[in-house]
2 protein chains.
Amino acid sequence: MAEELGPIRAGRRRRPGRPTIAKITTEGIALAALELIDERGWAALTMSSLASRLGARAPSLYHHISGQHDLIDLVRDLVVAEIDVSMFKSLPLADALRAFGLSYHEVFARHPNTIPVLSVSPIRDGRTIGMYETVMVAMARHGWSGERSLEFLLALEYVALGTAFEWSAKDLMISTEAAEKFDAPLLASYVTSRTDQQVLAITTFTHLLDMLIAVFEVGDVASITRAGVSALTK
Amino acid sequence: MAEELGPIRAGRRRRPGRPTIAKITTEGIALAALELIDERGWAALTMSSLASRLGARAPSLYHHISGQHDLIDLVRDLVVAEIDVSMFKSLPLADALRAFGLSYHEVFARHPNTIPVLSVSPIRDGRTIGMYETVMVAMARHGWSGERSLEFLLALEYVALGTAFEWSAKDLMISTEAAEKFDAPLLASYVTSRTDQQVLAITTFTHLLDMLIAVFEVGDVASITRAGVSALTK
DNA sequence: ACCTGAACACCGTTCAAGT
DNA sequence: ACCTGAACACCGTTCAAGT
C-alpha cells in the first residue's frame with residue numbers, strides 16, 4: 001500500500017529541524033575558513049562554499065556568526081595564534097625582537113592568502129591586541145618611548161607582510177611578462193633572476209629586520225642621521 | 001484619439017540606440033572610478049554606481065572595458081601618474097631616492113582608499129612598469145646590484161603604503177576602543193596619543209625612508225651588521 | 001537551540017534589440 | 001559603434017517552518 005509521504009519526501013536531502021548534536025561550531029567555521037583561504041584565497045570564501053565544507057547550508061552559519069564581518073576576526077585569531085611571543089619572557093630585547101619578527105614573517109609566509117584582507121582590516125580580536133601589548137610592554141621595560149615602539153612594530157609588520165605576500169602569493173606583483181611587454185629590460189632581468197622565491201623572501205626579510213633592529217636599538221629613528229650611517233664601514 | 005505608442009513609450013527613460021556623440025570614454029571611466037574610491041572605497045565601486053556617475057547604465061561600460069579587472073589597472077595608472085620621477089634626471093641618487101620616496105608616499109596618502117586593492121594586485125599597466133624601470137636604471141648607473149635595487153624599492157613601497165594607509169584611511173587598524181576593551185593599557189595610551197594622524201604619518205615615513213637610504217647607500221643590506229650600526233653614536 | 005528552503009535585494013556579465 | 005532593458009547565475013542575509 002502507498003506509504004503516506006506525499007511532498008514531504010519529495011527531495012532526497014535532509015529536511016529542516018534541529019539535529020540532536022550540532023553539526024557546526026564556531027571553531028569549525030574558523031578552521032574551514034582558513035583552509036579555504038589558504039587553498040583558494042578570500043574570493044573563494046563564500047558563505048555557500050564555507051557551509052558546504054562543513055556539510056551544511058549557508059543560512060546555518062548565521063546561527064554561529066553574525067556575518068562575513070566576523071570571519072575576518074576568526075581567521076586573524078587563528079593565524080596570530082601561530083605567532084610565537086614567548087621569547088619576550090626570556091631573551092634580551094634585541095634578540096627577542098629578532099625571534100618575534102622571524103616568527104611573525106614565517107606564519108604569514110605560511111598563510112600568504114590571508115594578507116590582502118588581514119593587512120587592511122581593523123583589529124577587533126583580543127589575541128592580536130594581546131600580542132601588541134606583549135611587545136609594547138617588553139619595549140617599555142627597556143625604556144623605549146611609545147613613538148619608537150609603535151614605529152618599530154609597524155615598520156616590522158609592513159616589511160614582513162610585504163615580503164611574505166610578494167614572494168609567496170599565487171600571483172606575483174611584478175611578472176616577467178609585464179616587464180617585457182612594456183619594454184623594461186632591466187626590471188625584467190631582475191625579476192626573472194629571483195628564482196627561488198621562498199628562500200629569497202626569508203633572506204630579504206631577515207636583512208631588513210636586522211637593519212631595523214640595529215637602527216632602532218640606537219634610539220629613536222629620528223636620531224639616526226644619514227651622515228652617521230654613511231660613515232659606517234663594512 | 002489614442003496615440004499609437006503602446007509599450008514603446010511605456011517608460012520615461014532613454015531607449016536603447018547609439019547616441020550621436022559617445023556618452024562614455026575610457027578616461028572618463030578611470031576618473032570616475034578613482035573619485036568613487038577616494039570618496040567611498042572599493043566596496044562602493046560597483047558597475048552600477050560607476051555607470052550612474054557617468055549618466056549611463058552598467059552594461060554600457062562593457063563597450064569600453066572588459067570587466068572589473070580593468071578598473072584596477074586604470075586606477076593604478078591614474079594614481080601612479082601623480083608620482084614624480086623627474087628627479088632621477090637631475091639629482092644625485094640618494095637625494096633622488098628621498099624625493100621620489102616622499103612623492104610616492106604623498107600620492108598614496110592622498111588616495112589611501114586605493115591601497116587595499118592596489119597593494120595586492122599584480123601590476124599590468126605600462127606606466128607603473130615604466131616607473132620601476134626608471135628607478136632601477138638610476139640605481140644601476142650607481143652600481144647597485146639587482147638584488148639591492150629590488151630590496152630597497154620594495155621596502156620603500158611597503159613602508160610608504162603601510163604608513164599612508166595606517167594613518168590616512170577611514171578605519172584605523174588599531175582603535176583605542178579595541179585596545180581598551182581587551183585590556184591593553186599601554187597600547188591604548190600609545191594609540192590615543194597619536195593625535196595628529198596626517199603629520200605623524202609623514203614624520204614616521206620620513207624617518208624610515210632616511211634610515212633605508214642611509215643603510216642601502218653603504219652597500220647591500222646584507223653587509224650591514226648589527227654590531228656596526230650599534231656602534232654608531234648619536 | 002539549530003538546521004533548512006524559499007525569498008529578497010543586490011552583484012557582474014551577456015546579449016539581442018535598437019539607433 | 002555604442003547604449004539599453006531583460007535575463008542569467010551568483011552573492012549575502014532574513015525568516016518562517018520544522019525538529
Side-chain angles (χ1 to χ4, degrees), chain A residues 4-30 32-33 36-37 40-75 116-117 121, chain B residues 4-30 32-33 36-37 40-75 116-117 121:
Chain A
E4 204 190 20
L5 293 170
I8 290 194
R9 184 122 89 31
R12 65 228 289 189
R13 295 208 215 78
R14 207 185 159 283
R15 282 181 295 111
R18 183 191 187 194
T20 47
I21 57 148
K23 304 173 69 169
I24 301 179
T25 62
T26 308
E27 283 85 5
I29 292 175
L36 212 38
I37 293 164
R40 310 200 275 125
W42 285 96
L45 183 73
T46 67
M47 289 302 193
S48 175
S49 68
L50 183 54
S52 88
R53 187 170 277 245
L54 296 163
R57 317 245 148 217
S60 309
L61 299 174
Y62 291 83
H63 290 282
H64 305 270
I65 60 174
S66 70
Q68 271 191 135
H69 191 267
D70 280 6
L71 291 178
I72 299 175
D73 299 324
L74 288 172
V75 169
V117 171
S121 305
Chain B
E4 204 189 20
L5 293 170
I8 291 194
R9 184 125 82 38
R12 64 225 292 184
R13 297 209 213 78
R14 205 182 162 286
R15 283 183 294 111
R18 181 191 188 197
T20 47
I21 56 150
K23 303 174 70 170
I24 301 180
T25 63
T26 307
E27 284 86 3
I29 291 175
L36 212 38
I37 293 163
R40 310 200 275 125
W42 284 96
L45 184 72
T46 66
M47 288 302 193
S48 175
S49 67
L50 183 54
S52 87
R53 189 170 274 245
L54 295 163
R57 318 246 147 216
S60 307
L61 299 174
Y62 291 83
H63 290 281
H64 305 270
I65 60 175
S66 70
Q68 270 193 135
H69 192 267
D70 280 6
L71 290 178
I72 299 175
D73 299 324
L74 289 172
V75 168
V117 171
S121 306

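Throughout, protein chains are lettered first and strands after them, A, B, ... in sequence-line order, and every chain is numbered starting at 1.
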- In A:L61, A:V75, A:I65, the residue satisfying side chain to side chain contact (heavy atoms under 4.5 Å, CB included) with A:D70 is A:I65
- Item | Gap between atoms CE and P, on B:M47 and D:dA6 respectively (whole Å) | 21 Å
- Message: So, taking the atom named CG in A:L45 and the one named CG in A:L36, what distance separates them when rounded to the nearest 0.5 Å?
- Response: 5.5 Å
- Item | Over all atoms of both residues, closest heavy-atom pair of A:P19 and A:A22 | CG-CA, 4.4 Å
- Note on the structure: In whole angstroms, the gap separating C1' of C:dC11 from CZ of B:R57 amounts to 16 Å
- Task: Taking the side chain as every heavy atom from C-beta outward, state whether A:V117 and A:I37 have any pair of such atoms under 4.5 Å apart.
- Result: no
- Query: Can you tell me how far the NZ atom of A:K23 sits from the NE2 atom of A:H64, to the nearest 0.5 Å?
  - Reply: 10.0 Å
- Task: Please determine if a side-chain N or O atom of B:H69 lies less than 4.0 Å away from the OP1 or OP2 oxygen of C:dG12.
- Result: no
- Query: Which atoms form the tightest heavy-atom contact between A:M47 and A:Q68, and what is the distance?
  - Reply: CE-N, 3.4 Å
- Message: Can you measure B:L61 atom CG to C:dG12 atom C1' for me and round it to whole angstrom units?
- Response: 11 Å
- Item | Atom pair distance, as rounded to whole Å: CG in B:D70 and P in C:dG12 | 14 Å
- Item | B:W42 CH2 - C:dG12 P separation (whole Å) | 13 Å
- So OG of A:S121 and CG of A:L71: to nearest 0.5 Å the spacing works out to 11.5 Å
- Nearest-angstrom distance from the residue atom OH of A:Y62 to P of C:dA7: 19 Å
- Task: Figure out the CG/P separation between B:L54 and D:dC2, and round it to whole Å.
- Result: 15 Å
- Message: Can you give me the closest heavy-atom contact between B:L50 and B:A33, atom names plus distance?
- Response: CD1-N, 3.5 Å
Please list each protein N or O that sits under 3.5 Å from an N or O in nucleotides 17-19 of chain C, with the distance.
| from | atom 1 | to | atom 2 | distance (Å) |
| --- | --- | --- | --- | --- |
| C:dG18 | N2 | B:G17 | N | 3.1 |
| C:dG18 | N2 | B:R18 | N | 2.7 |
| C:dG18 | N3 | B:G17 | N | 3.4 |
| C:dT19 | OP1 | B:R15 | NH1 | 3.2 |
| C:dT19 | O2 | B:R18 | N | 2.9 |

- What does A:S60 touch in the nucleic acid at a heavy-atom separation under 4.0 angstrom: a base, only the sugar-phosphate, or nothing? base
- Over how many whole Å does the gap from B:L45 atom CG to C:dC10 atom P extend? 18 Å
- Item | For A:S49, side chain to side chain donor-acceptor pair (under 3.5 Å) partners two or more places apart | A:T46
- Task: Anything below 3.5 Å on both distances counts as a pair; with that, list the stems of at least three consecutive Watson-Crick or G-U pairs involving DNA chain C.
- Result: C:4-8 with D:12-16, C:12-16 with D:4-8
- Query: Taking the side chain of B:A22 as heavy atoms from C-beta outward, which of C:dC3, D:dC2, D:dG12 is closest to it?
  - Reply: D:dC2
